[in-house]
Each structure stands twice: as C-alpha cells, then as structure tokens.
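Encoded as structure tokens, the structure appears first; notes follow it.
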Amino acid sequence: MIKARVTVTLKNGVLDPQGKAIEGALGALGFGGVGHVRQGKVFDLELDGSDKAKAETELKAMCEKLLANTVIENYAIAID
C-alpha cells in the first residue's frame, strides 16, 4: 500500500475569491496582519502496490484528468 498526498493550488495571477473572503474573515475575527491568503485543496490517497514510480505516474494522470484544472491550478505530489 502506498500513501500519497496531492496538493492543488491556484497558479500565480489567478484570482482567488475564496482566499480573499478568508482574508477578510480573519481580519473581522481580530487576526490582524494577515494578507495574501490563497486557498487550495489536499487529497490523501492510498494506492495498491509498492512501486512508487508507477504510483507517481498514475497520480500525475489523476491530476491531469480530474484532481486539478491544469489551466489555472498547479499540483504537487508527495509519496510516503
């Protein structure tokens, strides 16, 4: 069993209205000095097998086809 984490974030220059809303909410809650908040997604996956190279290839395909919108998002893969 291989455990992996995929982190998806918006590319630089892409507007992030959720991040802006979080930034405003943090300020309203009294957390001053917080700026440039960007939000993202994290996927924790378990894959059958023990071949990490094969797992990475499959994870990249998953990201390209479903987990990330590669036009506006970047992704990073971490395999344990």
- side-chain contact (heavy atoms from CB on, under 4.5 Å) between L15 and L10: does it pass, once the steps are laid out? CA-CA 8 Å; L15 295 178; L10 289 170; over 6 Å; no
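- More than 12 heavy atoms of other shown residues, nucleotides or ligands fall within 6.0 angstrom of atom CZ in R38.
- Listed by first then second residue, pairs satisfying salt bridge (Lys or Arg N to Asp or Glu O under 4.0 Å) with a partner in residues 61-80 read K41-E73, not counting sequence neighbours.
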- Message: Run I72 and K11 through side-chain contact (heavy atoms from CB on, under 4.5 Å) and show every step you take.
- Response: CA-CA 6 Å; I72 62 168; K11 291 182 177 181; 5.7 Å; no
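- To the nearest 0.5 Å, atom OH of residue Y75 and atom CG of residue L59 are 9.5 Å apart.
- Using a cutoff of 4.0 Å between basic side-chain nitrogens and carboxylate oxygens, E56 and K60 are scored as salt-bridged.
- In this structure V71 satisfies the side chain to side chain contact (heavy atoms under 4.5 Å, CB included) test together with N69, sequence neighbours excluded.
- With contacts defined as side-chain heavy-atom distances shorter than 4.5 Å, the pair V6/M62 does not qualify.
- Two residues are said to be in side-chain contact when any heavy atoms from C-beta on lie closer than 4.5 Å; F43 and T7 fail this criterion.
- Under the rule for a side chain to side chain contact (heavy atoms under 4.5 Å, CB included), T57 has no partner lying at least two apart in sequence or in another chain.
- Atom CD1 of I2 and atom CG of D48 lie 9.5 Å apart (nearest 0.5 Å).
- For Q18, the side chain to side chain contact (heavy atoms under 4.5 Å, CB included) partners at least two apart in sequence or on another chain are D16, Q39.
- Expressed to the nearest 0.5 Å, how far CG of L45 lies from CZ of R5 amounts to 10.5 Å.
- Grouping Ile, Leu, Val, Met, Phe, Trp and Tyr by side-chain contacts under 4.5 Å, direct or through others, puts L26 with I22, L29, F31, V34, V37.
- Counting only residues at least two apart or in different chains, salt bridge (Lys or Arg N to Asp or Glu O under 4.0 Å) contacts with residues 18-37 comprise K20-E23.
- In this structure, the side chains of E58 and L47 come closer than 4.5 Å at one or more pairs of heavy atoms.
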